[in-house]
Amino acid sequence: MRSIAAFFKLVRWQNLLFIVLTQLLFYFCVFVPLYKPTVAPVRLAWLILASVFIAAAGYVINDYFDLNIDQVNKPNKNVINRIIPRRWAIFWHGFLSLLGLLATVYAVGFHKSYLILANAVVIVLLWFYSTSLKKKMLIGNILISALTAWTILILFFAQVSFRAAFGVVQDAVTTKFFRVAFLYAGFAFVLSLIREAVKDVEDMEGDRRYGCRTLPIVSGLVATKVYTTVWIVVLLGALIVLQLYILQFRWWAAVIYSVSCVIFPLIILFFSHLKARSTSDFSSLSRLAKWIMLAGIGSMLFFRLYF
């Protein structure tokens, strides 16, 4: 039982549930109301499994290469070498990656081989992120943010033909689907950029000791706060403009939800991060950013109500 609990901790089961929830909401609250499919969503199940397996493999290999850093930053959280041997971590990474690719094949078939290739590239990028890219200023943060957005975009590309996805074939429904998909992907991308920068500050001690060149180590705490401030302001501005836009459709419940559960917490994040000093402060900010992302993804429920 101890090994099973350690395995679920290693693959960050809470984050995997978040991926499942995001993709289920996007499918049933956005895609289904727009296209009203009659076929059982078996492909969706395989696509979700693919995302879960690949993400889990990424968490495993990240902890494998972060062993020394985590012994400084999170000495009681890493299970590799304490419970799960390193050779088993490598095995699980390879096995889960393979399952992710096979699930992608089952989900989209070879007629959408570009999505199989895309997920193969994701696996490779997660490997290089863990070995080197996360140690470089901003590159790792941008990569993880893009892969966070990909968990939404892959459903868009899986449900829409290649020609329609890139605007060769135009129709009103696909255009609306495109806008909603990239709206949520953009939200996830920017909020992930903010959260990754906050986490870099939280992990400065161990990162500095083992040669990482993250933004707070290279440029300092003040520059990092300026960076996160800019992105928070950009996200707040975009969300406020969006609420003003959807008011014309009288989506009152959606606006009230967005203001109270997303915009207001973002304002709290903005002022709290300006005052943050200690590791515990930045740890709290990271958790708040995660809850804001969850609340933002939860707003997909309103598309089910209004579409």
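Since the structure is predicted, the reported quantities are computational estimates derived from the model, not experimental observations.
Taking CG of Asp66 as the reference point, atom OG1 of Thr131 lies at 10.5 Å (rounded to 0.5 Å). One distance of note links OG1 of Thr224 with CD1 of Ile217; it measures 9.5 Å at 0.5 Å rounding.
By the side chain to side chain donor-acceptor pair (under 3.5 Å) test, Tyr59 is found to be paired with Asn15, residues two or more places apart in sequence or in another chain being considered. Under the rule for a salt bridge (charged side-chain N to carboxylate O under 4.0 Å, His left out), Arg287 has no partner lying at least two apart in sequence or in another chain. Taking the side chain to side chain donor-acceptor pair (under 3.5 Å) definition, one finds that Ser278 meets it with Ser280, Asp281, sequence neighbours left out.
With hydrogens and angles left out, the side-chain atoms of Thr22 and Tyr184 include no donor and acceptor closer than 3.5 Å.
In the hydrophobic clustering of this structure, Ile256 does not group with Ile292; members are Ile, Leu, Val, Met, Phe, Trp, Tyr whose side-chain heavy atoms approach within less than 4.5 Å, directly or through other members.
Checked by atom type and distance alone, the side chain of Arg213 never pairs as donor or acceptor with a backbone atom of Lys136 at under 3.5 Å. Without hydrogens or angle criteria, Ser258 side chain to Val255 main chain gives no donor-acceptor distance under 3.5 Å.
Residues Thr148 and Glu196 fail the side-chain proximity criterion, which asks for heavy atoms closer than 4.5 Å. A 4.5 Å side-chain heavy-atom check between Thr151 and Phe26 finds every atom pair outside the cut-off. Between Val32 and Arg304 there is a side-chain heavy-atom pair separated by less than 4.5 Å. The shortest side-chain heavy-atom distance between Phe53 and Leu16 does not fall under the 4.5 Å cut-off. Between Leu155 and Ile48, every side-chain heavy-atom pair lies at or beyond the 4.5 Å cut-off. Side-chain atoms of Ile54 and Trp150, non-hydrogen and from C-beta on, never get closer than 4.5 Å to each other. Within the 4.5 Å cutoff, side-chain heavy atoms of Phe8 are placed close to those of Ile4. The shortest distance between side-chain heavy atoms of Leu34 and Lys176 falls below 4.5 Å.
Between Phe177 and Phe156, the ring planes are tilted. Angles from 30° to 60° get that label. Classified by interplanar angle (parallel below 30°, tilted 30° to 60°, perpendicular above 60°), the ring pair Phe182/Phe157 is perpendicular.
Ala158 approaches Leu47 most closely through the heavy-atom pair CB-CD2, 3.5 Å. When all heavy atoms are compared, the tightest approach of Pro33 to Cys29 is CG-O, 3.4 Å. Here the closest heavy-atom approach between residue Ala295 and residue Cys261 is recorded as CB-O, 3.4 Å.
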Stepwise side-chain contact (heavy atoms from CB on, under 4.5 Å) check, Lys134 with Leu143: CA-CA 9 Å; Lys134 70 174 298 178; Leu143 174 59; over 6 Å; no
For the pair Phe187 and Val262, evaluate side-chain contact (heavy atoms from CB on, under 4.5 Å) and give the outcome as yes or no after the intermediate values. CA-CA 11 Å; Phe187 171 79; Val262 182; 4.1 Å; yes
Report the C-alpha distance between Trp127 and Leu133 in whole Å, list the side-chain angles of each, state the deciding distance to 0.1 Å, and finish with yes or no for side-chain contact (heavy atoms from CB on, under 4.5 Å). CA-CA 9 Å; Trp127 174 279; Leu133 295 180; over 6 Å; no
For side-chain contact (heavy atoms from CB on, under 4.5 Å), just list the numbers for Val52 and Val11, CA-CA rounded to whole Å, side-chain angles, deciding distance to a tenth of an Å, and then say yes or no. CA-CA 9 Å; Val52 167; Val11 299; over 6 Å; no
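Using a 4.0 Å cut-off between a side-chain N of Lys or Arg and a carboxylate O of Asp or Glu, Lys9 and Asp63 do not qualify as a salt bridge. Taking a cutoff of 4.0 Å between a charged side-chain nitrogen and a carboxylate oxygen, Glu202 and Lys199 do not qualify as a salt bridge.
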Donor-acceptor list for residues 232-249 side chains, cut-off 3.5 Å, not counting sequence neighbours:
| unit_1 | atom_1 | unit_2 | atom_2 | d |
| --- | --- | --- | --- | --- |
| Gln243 | NE2 | Leu239 | O | 3.3 |
| Gln248 | NE2 | Tyr245 | O | 3.0 |

Check residues 90-109 and write down every donor-acceptor pair under 3.5 Å in which the side-chain atom is one partner and the other belongs to a residue at least two apart or another chain.
| unit_1 | atom_1 | unit_2 | atom_2 | d |
| --- | --- | --- | --- | --- |
| Ser97 | OG | His93 | O | 2.7 |
| Thr104 | OG1 | Gly100 | O | 2.7 |
| Thr104 | OG1 | Asn119 | ND2 | 2.9 |

If you look only at distance, which donor and acceptor atoms sit under 3.5 Å apart when one is on a side chain in residues 266-273 and the other is two or more places apart or in another chain?
| unit_1 | atom_1 | unit_2 | atom_2 | d |
| --- | --- | --- | --- | --- |
| Ser272 | OG | Ile268 | O | 2.8 |
| His273 | ND1 | Phe270 | O | 2.8 |
| His273 | NE2 | Lys225 | O | 3.2 |
| His273 | NE2 | Thr228 | OG1 | 2.9 |
| His273 | NE2 | Thr229 | OG1 | 3.1 |

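Under a cutoff of 6.0 Å and an axis angle of 45°, Arg86 and Tyr64 form a cation-pi pair.
In this structure, Phe302 has its ring center under 6.0 Å from that of Tyr257.
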